[in-house]
Amino acid sequence: MSDLKRVFLDKDTVALEFTPFSQTRTYGFICQNFENDQIINSIHFEVDVVCIQSYSNNNLSFEINRKQVYVDNLEPDLKIEQIADSSSKAIYPLNIKVSEEGNIIEITNHNDIKNRWLPIKKTLSKYYVGNIVSEILQKIESTLNNEILLKESICKTWFFHLYFKPIFNNYTKDESLNFIWKSPVFGNQIISYDVKQSIEEYYSATDKIFINVKGNSIDKRSINEVLNQYTYPKSEMSGIDVTPLKSEMEVKYKLYGEDRSIFSIIGTYKTTVTEKINRTTQIEIYHLPENSSFRPQSKPKQRNISFFVEEENEPVKKKTGFWGKLF
């Protein structure tokens, strides 16, 4: 029998709840894309997260402030990358309302975003000229000015897609929760997965909880339809028999035992392109504390348990050490 503390205590069920934290948490984010075993590209940045309790309907309010984005370890240098990078600065700091389960409900500082966009647009319009640039800026403006479109666009980015998920739920020992995840595996192309979400029975040696999510694609499109940006199974609707794309995913969450806040997220999405080619997207999100002895100060409500679990003897990554190893 394990000497580790049990998550389920005397019952076979546990209600996983999150306790807001007012101290700023800095997370490191990296997304790497591979073709077979060869890396194609990578994106990394740091992001500050603050959470406070909202008193209406027990919702949570988060402030997110993303820092400089690096593409293949460099600041964006292509024109389209520079425009996108500059435009995204209008979004941050981003204030959002989140449900108790972890889903984003709304953007609460949308007017601030629209106001920040105006001087950015003016500067970009002077620096970059041409019809194509004008069309790009118009499309960006249409998204930023529409709260629904902006929320959808934000939720299609990997950090928000993985960080804000319904992981705070009621769990039963040896059973899984079933969800449909729509993940941004090929950029703006979304692939649907039938996933099973479960919590491990024991805390880790470092007092964390593991939540495991595994799934397979239920998308009816072929891989070629996805790569050609079709949003529907064109061949099937035309009566043509094709093989649906094959894709599998796995995401592992680790949560601090004290307040159920996220310590780390590691996600892997693998998709078959041809018989000889697989494309893999690897996402890692880690809390970057100022020192290795950090523990959350807040204590959870008296309801049973906490988030994520990490391997025994795995050290908490220091802020500099994490990025130092990767880059």
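Positions are given from 1, in the same order as the sequence printed here.
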Distance (rounded to the nearest 0.5 Å) between Ser142 OG and Leu137 CG: 10.5 Å

More than 12 heavy atoms from other groups under 6.0 Å of CD1 on Ile132: no

Salt-bridge present (Glu106, Lys97; N to O < 4.0 Å): yes

Between Ser293 and Asn291, do the side chains contain an N or O donor and an N or O acceptor separated by less than 3.5 Å? yes

For Ser247 and Tyr193, does a side-chain donor sit closer than 3.5 Å to a side-chain acceptor? yes

Residue from Phe294, Tyr163, Tyr27, Tyr256 passing ring-ring contact (aromatic ring centres under 6.0 Å, His included) with Phe263: Tyr256

Expected output: side-chain Asn36 to main-chain Lys276 donor-acceptor under 3.5 Å: yes

Do the rings of Phe160 and Phe164 sit parallel, tilted or perpendicular, given the 30° and 60° boundaries? parallel

Contacts of Glu141 that satisfy side-chain hydrogen bond (donor to acceptor under 3.5 Å, both in side chains) - sequence neighbours left out: Trp117, Lys121

Rounded to the nearest 0.5 Å, how far does OG1 of Thr271 lie from NZ of Lys246? 12.5 Å

Whether over 12 other heavy atoms sit under 6.0 Å from Asp37 CG: no

Does the pair Asn212 and Glu200 meet the rule for a side chain to side chain donor-acceptor pair (under 3.5 Å), with working shown? CA-CA 8 Å; Asn212 299 315; Glu200 292 195 8; 2.9 Å; yes

Separation between OG1 of Thr272 and CZ of Arg279, rounded to the nearest 0.5 Å: 12.0 Å

Ile148 CD1: over 12 foreign heavy atoms closer than 6.0 Å: no

Answer yes or no: is there a donor N or O on one side and an acceptor on the other, between the side chain of Gln197 and the main chain of Pro166, under 3.5 Å? yes

Step by step, work out the salt bridge (charged side-chain N to carboxylate O under 4.0 Å, His left out) result for Lys234 and Glu225. CA-CA 7 Å; Lys234 180 182 178 182; Glu225 288 171 338; over 6 Å; no

Would you list the pairs meeting salt bridge (Lys or Arg N to Asp or Glu O under 4.0 Å) in which at least one residue belongs to residues 161-179, sequence neighbours left out? Lys173-Glu201

So do the side chains of Val47 and Ile285 get within less than 4.5 Å of each other, counting heavy atoms only? no

Rounded at 0.5 Å granularity, tell me how far CD1 in Ile91 sits from CG in Asp112. 13.0 Å

Rounded at 0.5 Å granularity, tell me how far CD1 in Ile283 sits from CZ in Phe29. 6.5 Å

Would you say Asp259 and Ser261 are linked by a side-chain donor-acceptor pair, where the criterion is simply a distance under 3.5 Å? yes

Under 3.5 Å, is there a donor-acceptor pair linking the side chains of Tyr128 and Gln82? yes

Donor-acceptor pair between Asp219 and Ser192 side chains, under 3.5 angstrom: no

Quick check on Lys139: does its NZ atom have over 12 non-hydrogen neighbours (other residues, nucleotides or ligands) under 6.0 Å away? no

Give me the one residue out of Phe34, Trp158, Trp181, Phe186 that meets ring-ring contact (aromatic ring centres under 6.0 Å, His included) with Tyr269. Trp158

State, with a plain yes or no, whether a side-chain heavy atom of Lys196 is found less than 4.5 Å away from one of Lys214. no

Could you check whether atom CG of Asn41 has more than 12 heavy atoms from other residues, nucleotides or ligands sitting under 6.0 Å from it? yes

